[in-house]
Each structure stands twice: as C-alpha cells, then as structure tokens.
Colleague: 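Questions regarding the structure given below will be posed in turn.
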There are 2 protein chains.
Amino acid sequence: MTMQSAIDQRVSLAVSTVIFALRPHPESGLMTLWLPLVRRIREPYEGQWALPGGPLEADEDLAASARHTLERTTGLTPNYLEQLYAFGSLDRSPDDRVVSIVYWALVQPDEVARAVDGENVEWFVADELPPLAFDHTEIVDYALARLRAKITYTPIAHGFLPREFTLAELRAVHEAVLRTHLDPANFRRQALASKTLVPTGTCLQGTSHRPPALFRFEAGPPSNAPEERR
Amino acid sequence: MTMQSAIDQRVSLAVSTVIFALRPHPESGLMTLWLPLVRRIREPYEGQWALPGGPLEADEDLAASARHTLERTTGLTPNYLEQLYAFGSLDRSPDDRVVSIVYWALVQPDEVARAVDGENVEWFVADELPPLAFDHTEIVDYALARLRAKITYTPIAHGFLPREFTLAELRAVHEAVLRTHLDPANFRRQALASKTLVPTGTCLQGTSHRPPALFRFEAGPPSNAPEERR
DNA sequence: GCGACTTAGGGTTGACATGACTTTAAGGGG
DNA sequence: CCCCTTAAAGTCATGTCAACCCTAAGTCGC
C-alpha cells in the first residue's frame with residue numbers, strides 16, 4: 001500500500017538506450033541500419049558489448065538521463081528519443097536486481113560522422129550484432145520491431161535526416177529500415193498525402209539528371225501524451 | 001557507465017495499474033467503462049483517490065508485482081495485463097522521487113461482481129473521475145487513449161468477456177470503449193475476417209428472437225516480444 | 001544544337017477494404 | 001397465422017493502395 005522506497009531491497013534502476021543511425025554499408029554501399037555499442041569494463045559480462053546506459057540520477061528526468069548517458073558514453077545527441085519499455089525480469093542480471101527503463105533514439109548522419117569509434121564504442125550493423133551482455137539482444141530486437149512498425153505510420157524518418165531532404169532520400173530511409181523496395185511513385189503519393197512535408201524549393205545540384213525538390217518536415221500539433229503510440 | 005544502484009540517491013520504484021472493467025451504467029443502463037480507485041491513507045494526498053499500486057519488491061517481476069498489488073488492494077485478478085509506460089518526472093511526487101512503472105489491465109464482469117466497493121476502494125465511470133493524487137489523471141488519460149487505440153487493431157476486447165460470447169456482446173464492448181455506434185453487419189464482417197474467432201455452437205436461449213451464435217477467441221501464435229504493440 | 005541517358009513526378013488500372021443499406025433466417029408471443 | 005425482434009448474409013458505392021506506364025526536366029557526349 002505504501003509508495004515507499006523499494007530501494008532498501010536492493011533494486012537498482014538504470015536507463016539505457018538503443019541508438020539507431022543510417023549509413024552506407026562499406027561493402028555493398030547500401031544504406032543500412034547501424035547502432036553503437038559500448039564495451040563493458042567490469043563484471044558481469046566484462047569485455048562484452050552492451051547498450052549504453054547508466055543509473056538514474058536523483059535529479060534527472062528519465063529522458064534527460066537517457067540523453068545525458070548517451071552524451072557521456074558515445075558523444076551522440078539524438079534527434080528523436082522515445083521510451084521503449086521497462087525491463088525488470090528477476091534474472092536479467094546475474095547478481096543484482098536491475099530494472100532498466102529503455103529508450104530508443106535516432107541520430108542524424110552528421111552526428112555519426114562526428115562520433116568516431118572509440119576504444120569502448122563501436123558501430124555494428126543492426127542485423128549482425130555480436131552477442132550482447134544481459135538481455136540486451138532481446139531489447140534490441142524489440143526496439144527494431146518498434147522502429148519498423150512505427151516508421152510505417154508516423155513520420156519519424158525525419159530523425160535520420162537533415163532538415164532539408166529529397167523524397168528519394170526519405171524513401172531510402174524507409175527502404176533501409178524496412179529492408180524492402182518501395183515504389184517511388186506510390187511512396188511519393190502517400191508521403192505528400194500525410195501533410196507533414198513542406199516544399200522548400202528545388203535542389204540545385206550538378207549531377208546529370210533532373211534536380212529533385214527539397215522538403216522539410218512540418219511539426220504537427222504538439223502532443224501532450226508522454227509519447228504518441230498506437 | 002556503471003549499472004550500480006540508483007537507490008542510494010533516494011529514487012523509489014513503484015508499480016501501479018490502471019484497471020478497466022465494463023458494466024452497465026446504473027441510470028442510463030448503457031455499457032460503460034469503469035475503473036476502481038483506492039483512497040490514500042497517508043500523506044501526500046491523504047484522502048484523495050489514486051491508482052492502486054505499491055513498491056516493487058525485490059523478488060517480484062514487474063508484471064507479477066502489478067498482479068500482486070491488484071489482488072491485495074482490490075481483490076481483482078486481471079484477464080489482460082500490459083505495461084503502459086514508466087513515469088519519472090521529478091515533480092510527480094511532492095517530497096520523494098518516485099518512478100512508477102504503470103500497467104493497464106482488463107477484468108471480466110464476474111470479477112467486478114465479486115469485488116464489491118470496500119471502504120477504500122470505489123468504482124468510477126472512466127470519463128467522470130474525481131481529482132486524483134499525483135499525476136494519476138494524466139496516467140489514466142494515457143491509458144484510455146491506449147485502450148481505445150489498441151481495441152481497434154487487436155482482439156483485446158476478449159479481456160472484458162467470458163470465454164464464450166456472442167458477436168453482439170463483442171460489439172457492445174467496442175461500442176462502450178469507443179463511445180460510438182457500430183454497424184452490426186460491418187462489425188461482424190471484420191470480426192470474422194480477423195480469423196481469431198472460433199464458432200462454438202449456437203446459444204440456446206429463451207428470448208423471443210433468433211438465437212445468436214457463440215464464439216471463443218483463438219489464441220494466435222505466441223508473441224515473444226515483451227508485449228505486442230504497433 | 002541534338003539525341004541519349006537518368007531521375008523526378010504524375011496518371012491509370014485492378015484488387016481489396018470499408019460504410020450504408022437491404023434482404024433473409026430463426027425464434028417467441030399474441 | 002401474423003407480427004415482432006434480433007441474427008446473419010448479401011448488395012452496392014466509395015476509398016485506398018500496390019503495380020505499372022508514361023511524361024517532364026535536367027546533364028552529358030557528340
């Protein structure tokens with residue numbers, strides 16, 4: 001009945017984040033989903049790869065804690081951040097009892113370019129991850145499912161893109177995330193029908209073809225809900 | 001970088017649940033959404049209504065904790081339980097820092113019949129709630145939005161129904177939750193198209209009209225994800 | 001300047017889902 | 001036997017969406 005501290009019973013509370021970014025695959029050249037992992041520097045799972053995360057500080061919001069830890073461990077500033085799920089199984093950490101509130105984030109390409117691989121940070125292709133510490137593999141799978149589901153009915157793709165972009169770039173994001181081919185004409189139609197795109201003039205480029213139009217995302221009405229879901 | 005205890009910094013972890021049930025409105029007789037609230041017996045917000053909840057015990061799963069607290073405070077056993085969101089704003093509790101992992105649940109009518117209003121438990125119409133303690137009004141609003149969204153694309157309505165039911169009863173659940181009128185014929189079509197309903201013979205009743213067929217929900221393939229969302 | 005090439009962007013068609021509505025089936029009561 | 005009520009099936013117009021084709025607008029090579 002009491003709302004008192006669970007803390008006396010040795011339950012610790014952590015905030016972790018699954019970070020997604022898009023960049024070309026070094027071999028195939030195809031746009032691919034990548035995510036950064038950090039190497040654990042202590043037991044348990046010392047030396048293994050894991051999601052960036054850390055304990056929730058008493059003076060931090062949940063989202064603020066996610067942002068803070070991200071900045072500290074990977075140097076990245078997310079362009080989109082949303083709570084994913086709270087994981088609290090009894091056996092997810094061998095010794096302690098840890099409840100992790102997990103966020104997922106999208107970062108723009110230029111952010112990725114700045115954040116080079118450090119000694120304890122490395123980028124991996126989302127579908128070819130090494131074995132991860134704790135239940136982090138399951139968490140990443142869940143985050144991937146959420147990302148793939150959500151990109152089909154909300155305009156989160158802008159989280160991967162700079163402020164201005166062409167429809168071909170936007171489509172490339174969808175194709176990379178969903179690993180499918182999308183019809184350019186149909187994609188254009190439904191992208192424009194969503195009323196969240198604003199034309200920003202045409203792209204003045206030097207390649208040998210018709211220059212595409214540029215767009216920006218128009219922020220819809222601000223949502224008061226914690227995060228919009230469906 | 002450490003996954004160590006946030007507990008030393010006085011962050012307590014609670015698990016609360018928004019419980020939904022369906023029963024006829026005493027005046028209009030219409031099927032309505034109700035939810036039970038518990039009266040707070042200590043500061044802060046002493047005497048005010050709040051969601052049932054309690055601290056997370058070290059030996060309990062998150063969902064198990066929700067179930068446990070539900071049983072203890074309201075005597076209810078939910079027919080459906082899903083994690084809603086983790087609320088962790090700094091100002092949601094006046095004194096302490098509390099992070100609440102909130103679940104939402106559906107209970108069957110017979111369960112509601114058993115759980116009478118106690119001294120500290122009372123049922124309210126979901127759209128006419130009294131002022132609630134903490135940020136619980138916001139939480140209920142969010143849970144309501146999730147319920148209304150999810151009932152349109154998943155067969156959670158069975159959480160409100162006994163094992164066997166008629167299509168008219170199923171439709172009544174949807175109409176009560178969404179507060180709309182649904183065309184019986186069209187509703188039947190898309191309910192049967194979803195392939196989750198199994199006919200169980202016809203209802204042998206004594207009312208003066210054609211007896212309706214009975215159905216059961218067929219459990220689809222088990223989902224490995226924490227909880228299916230979209 | 002002219003045709004070839006490449007990508008942008010618009011139009012058409014057919015399959016399928018949805019909403020409004022009509023018709024038939026099955027029971028009970030006067 | 002007629003009438004009433006609800007279940008359940010059928011009809012039809014409309015809208016949506018994927019697949020496909022076609023034209024527009026640039027650059028490059030000659």
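Every heavy atom of this structure was used, including side-chain atoms; hydrogens, water molecules and symmetry mates were not. Convention: sequence-line order gives letters A, B, ...; per-chain numbering from 1.
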Colleague: Test B/Asn186 against every option in B/Arg189, B/Gln190, B/Arg188 by the side chain to side chain donor-acceptor pair (under 3.5 Å) rule and name the one that passes.
Modeller: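 That would be B/Arg189.
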Colleague: Can you tell me which nucleotide in C/dA26, D/dA8, C/dA8 comes closest to the side chain of B/Pro211?
Modeller: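 Between C/dA26, D/dA8, C/dA8, the one nearest the side chain of B/Pro211 would be C/dA26.
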Colleague: How long is the line joining CG of B/Leu167 and C1' of D/dA9, in whole Å?
Modeller: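 So the CG-C1' distance, B/Leu167 to D/dA9, works out to 13 Å.
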Colleague: Residues two or more places apart in sequence or in another chain: which of them pass ring pair (Phe, Tyr, Trp, His ring centres under 6.0 Å) with B/Phe165?
Modeller: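 Here the qualifying residues are B/Phe217.
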Colleague: Contact list please: residues 176-190 of chain B against DNA chain D, heavy atoms, distance less than 4.0 Å, in numerical order.
Modeller: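 Within residues 176-190 of chain B, the residues near DNA chain D are B/Ala185, B/Arg188, B/Arg189.
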Colleague: Can you measure B/His174 atom NE2 to C/dT18 atom P for me and round it to whole angstrom units?
Modeller: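 Distance check: B/His174 NE2 to C/dT18 P gives 13 Å.
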Colleague: List in chain and number order the residues that pass salt bridge (Lys or Arg N to Asp or Glu O under 4.0 Å) with A/Glu164, two or more places apart in sequence or in another chain; answer none if no residue qualifies.
Modeller: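 Salt bridge (Lys or Arg N to Asp or Glu O under 4.0 Å) list for A/Glu164, sorted by chain: empty.
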Colleague: If the condition is salt bridge (Lys or Arg N to Asp or Glu O under 4.0 Å), which residues does B/Arg179 pass it with, not counting sequence neighbours?
Modeller: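 Once residues adjacent in sequence are excluded, the partners of B/Arg179 under the salt bridge (Lys or Arg N to Asp or Glu O under 4.0 Å) criterion are B/Asp127.
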Colleague: By the salt bridge (Lys or Arg N to Asp or Glu O under 4.0 Å) test, which pairs, at least two apart or in different chains, include something from residues 100-113 of chain B?
Modeller: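 Every salt bridge (Lys or Arg N to Asp or Glu O under 4.0 Å) pair that includes a residue of residues 100-113 of chain B, provided the two are not neighbours, is B/Glu111-B/Arg114.
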Colleague: Rounded to the nearest angstrom, tell me the gap between atom CZ in B/Arg210 and atom P in C/dG29.
Modeller: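 Atom-to-atom, B/Arg210 to C/dG29, this comes out as 18 Å.
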Colleague: Once salt bridge (Lys or Arg N to Asp or Glu O under 4.0 Å) is applied, what residue pairs with a partner in residues 152-163 of chain A remain, sequence neighbours excluded?
Modeller: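 Passing the test, one end in residues 152-163 of chain A: no pairs.
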